[in-house]
Amino acid sequence: MRNNLLEYCPQTTWEFHREGEEDVLYEFRSAGCRGQAAGIQEHEIGRITQGPDGPVRIAYATKPEMTPEIRSRWLNLLGSEVGTARGFPIQNLTGVARKPSSPAPEAPTAERQIARWLQEATDALKQQEDLLAELDRLGQEAQADARAYSQKAPNEAGTSVISLHRGRGDGSPGEATTEFKTTDTLVWAILPVGSLPANAQVEMLWYYEGGEAGGEQLIRKFDFPWDPLADTVQGFLSFSQPYTGRYRVEVQVNGEKIGIGRFTIR
């Protein structure tokens with residue numbers, strides 16, 4: 001088959017992915033050999049193996065060339081060892097035909113068997129694609145919900161929005177964000193407050209509002225001795241292994257809430 005094709009179309013590229021006396025997995029791309037312009041005009045992946053009644057050939061071909069995704073899928077389906085899928089169950093066609101000692105029901109033809117396996121493989125791939133699409137949709141919805149939650153304006157009168165930042169490797173505040181990951185072990189909160197009385201009692205309270213660890217709970221509370229020369233309240237929350245979910249941070253001055261920030265950890 002290869003020799004005939006190369007003689008007819010010398011520009012053909014042929015590759016063996018598996019080559020044995022009774023099992024061959026091949027791939028070829030023919031180019032410009034049928035009165036058409038130069039370029040890949042036919043792309044085929046096929047397998048020839050020994051069945052109970054003789055050689056069996058299964059192939060998938062496209063005109064012109066397969067996309068990388070389709071190529072990888074069919075290499076997997078037809079049993080290529082370069083793929084990561086379980087592989088097409090063509091081994092069921094191999095072996096020596098047995099002669100039953102008593103009449104047995106008529107077995108399906110090799111063609112029907114192959115068609116059934118191909119349909120089962122196609123259905124399984126479709127189910128996998130549907131599942132991945134649903135997971136992607138749910139992930140996008142979760143991200144949209146997290147952004148909406150984090151950007152929600154505080155409804156408390158007279159409060160300001162606290163700026164939240166991902167901690168750098170040296171411990172300083174870095175990128176401003178409201179969406180953190182479980183690998184982020186340092187969250188900075190920064191709130192400009194202007195001038196405050198010299199004896200002001202400043203507190204920063206960190207709340208876990210809900211998610212993996214359950215419902216709302218106060219997880220940290222910090223008291224700040226106020227420096228009259230300062231104009232910003234800033235502090236950080238450190239984690240060893242943060243829980244995923246929704247969080248809130250508040251700044252209070254003399255018991256009155258003046259700032260609030262919300263963020264999520266995913």
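What's counted below: heavy atoms across the whole structure, side chains too, no hydrogens, waters or symmetry copies.
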Transitive ILVMFWY side-chain link Ile162 to Ile190, under 4.5 Å: no
Name all residues meeting the side-chain hydrogen bond (donor to acceptor under 3.5 Å, both in side chains) criterion together with Thr244; count only those two or more places apart in sequence or in a different chain, and write none if there are none. Glu212
Taking only residues two or more places apart in sequence, or in another chain, which ones meet Glu175 in a salt bridge (charged side-chain N to carboxylate O under 4.0 Å, His left out)? Arg166
What pairs with Arg71 under salt bridge (charged side-chain N to carboxylate O under 4.0 Å, His left out), at least two apart in sequence or on another chain? Glu27
Is the count of non-hydrogen atoms from other residues, nucleotides or ligands lying under 6.0 Å from Tyr243 atom OH greater than 12? no
How many angstroms lie between OG1 in Thr178 and CD1 in Ile265, if you round to the nearest 0.5 Å? 11.5 Å
Aromatic ring proximity, centroids under 6.0 angstrom, Trp14 and Tyr26: yes
Checking Ile260 against Val249 for the side chain to side chain contact (heavy atoms under 4.5 Å, CB included) test, could you report, in this order, the C-alpha distance in whole Å, the side-chain angles of both residues, the deciding distance, and whether it holds? CA-CA 6 Å; Ile260 185 171; Val249 58; over 6 Å; no
If the condition is side-chain hydrogen bond (donor to acceptor under 3.5 Å, both in side chains), which residues does Glu216 pass it with, not counting sequence neighbours? Arg248
Transitive ILVMFWY cluster of Tyr207 at side-chain heavy atoms under 4.5 Å: who else is in it? Leu205, Leu218
Take Arg29 and Glu65, measure what salt bridge (charged side-chain N to carboxylate O under 4.0 Å, His left out) needs, and give me the verdict at the end. CA-CA 8 Å; Arg29 296 174 174 87; Glu65 188 174 14; 2.9 Å; yes
Between CG on residue Leu78 and CZ on residue Arg18, distance to nearest 0.5 Å: 10.0 Å
Could you list the residues that satisfy side-chain contact (heavy atoms from CB on, under 4.5 Å) with Thr12, not counting sequence neighbours? Leu5, Leu6, Cys9, Phe28, Ser30
Listed by chain and number, what are the side-chain hydrogen bond (donor to acceptor under 3.5 Å, both in side chains) partners of Asn4, not counting sequence neighbours? none
Flag yes if more than 12 heavy atoms outside Glu15 fall under 6.0 Å of its CD atom; otherwise flag no. yes
Indicate yes or no for a side-chain donor-acceptor contact from Arg168 to the backbone of Pro173 under 3.5 Å, with no hydrogens or angles considered. yes
Within a strict 4.5 Å, meaning less than it, do heavy atoms of the Trp206 and Val187 side chains meet? yes
So OG1 of Thr62 and CD1 of Ile70: to nearest 0.5 Å the spacing works out to 8.5 Å
Could you go through the salt bridge (charged side-chain N to carboxylate O under 4.0 Å, His left out) check for Glu22 and Arg47 one step at a time? CA-CA 10 Å; Glu22 295 187 349; Arg47 185 167 180 180; over 6 Å; no
Salt bridge (charged side-chain N to carboxylate O under 4.0 Å, His left out) contacts touching residues 219-240 (sequence neighbours left out): Glu203-Lys221
Pairwise distance CG(Leu164) to OG1(Thr264) - rounded to 0.5 angstrom: 10.0 Å
Between Arg73 and Glu69, is there a salt bridge with N-O shorter than 4.0 Å? no
Atom CG of Leu191 and atom OG1 of Thr159: how far apart are they, to the nearest 0.5 Å? 9.5 Å
Where do Thr182 and Gln241 land on the side chain to side chain contact (heavy atoms under 4.5 Å, CB included) test, with the steps shown first? CA-CA 7 Å; Thr182 54; Gln241 188 174 1; over 6 Å; no
Under a 3.5 Å distance rule, please check whether His43 uses its side chain to pair with a backbone N or O of Pro64 as donor and acceptor. no
For the pair Asn199 and Trp226, evaluate side chain to side chain contact (heavy atoms under 4.5 Å, CB included) and give the outcome as yes or no after the intermediate values. CA-CA 7 Å; Asn199 60 349; Trp226 184 246; over 6 Å; no
Answer whether the closest heavy-atom distance between the side chains of Thr177 and His165 falls below 4.5 Å. no
Below 4.5 Å, heavy atoms only, C-beta onward: do Met204 and Gln252 meet side chain to side chain? no
Give me each pair satisfying ring-ring contact (aromatic ring centres under 6.0 Å, His included) with a member in residues 180-202, each pair once, sequence neighbours excluded. Phe180-Phe263, Trp188-Phe236
Test: ring-ring contact (aromatic ring centres under 6.0 Å, His included). Region: residues 49-71. Which pairs qualify, not counting sequence neighbours? Tyr60-Trp74
Does Phe239 belong to the same Ile/Leu/Val/Met/Phe/Trp/Tyr cluster as Leu186, with side-chain heavy atoms less than 4.5 Å apart forming each link? no
What residues form a side-chain hydrogen bond (donor to acceptor under 3.5 Å, both in side chains) with Asp123, not counting sequence neighbours? Gln119
Share the residues that join Leu229 in a hydrophobic cluster, the rule being Ile, Leu, Val, Met, Phe, Trp or Tyr side chains under 4.5 Å apart at the heavy-atom level. none
Keeping the roles fixed (side chain from Tyr208, backbone from Ile219), state whether a donor-acceptor pair exists under 3.5 Å. no
Crowded around Glu256 CD? As in, over 12 foreign heavy atoms under 6.0 Å? no
Measuring only between side-chain heavy atoms, which start at C-beta, is Val253 closer than 4.5 Å to Leu196? yes
Exam field: side chain Ser72 to backbone Pro68, donor-acceptor pair closer than 3.5 Å: no
What's the shortest heavy-atom distance between Leu25 and Gly46, and which atoms? CD1-O, 3.3 Å
If every non-hydrogen atom of Ser172 is compared with every non-hydrogen atom of Asp170, which pair is closest and at what distance? OG-OD1, 2.7 Å
Side-chain heavy-atom pair Tyr247, Arg262 within 4.5 angstrom cut-off: no
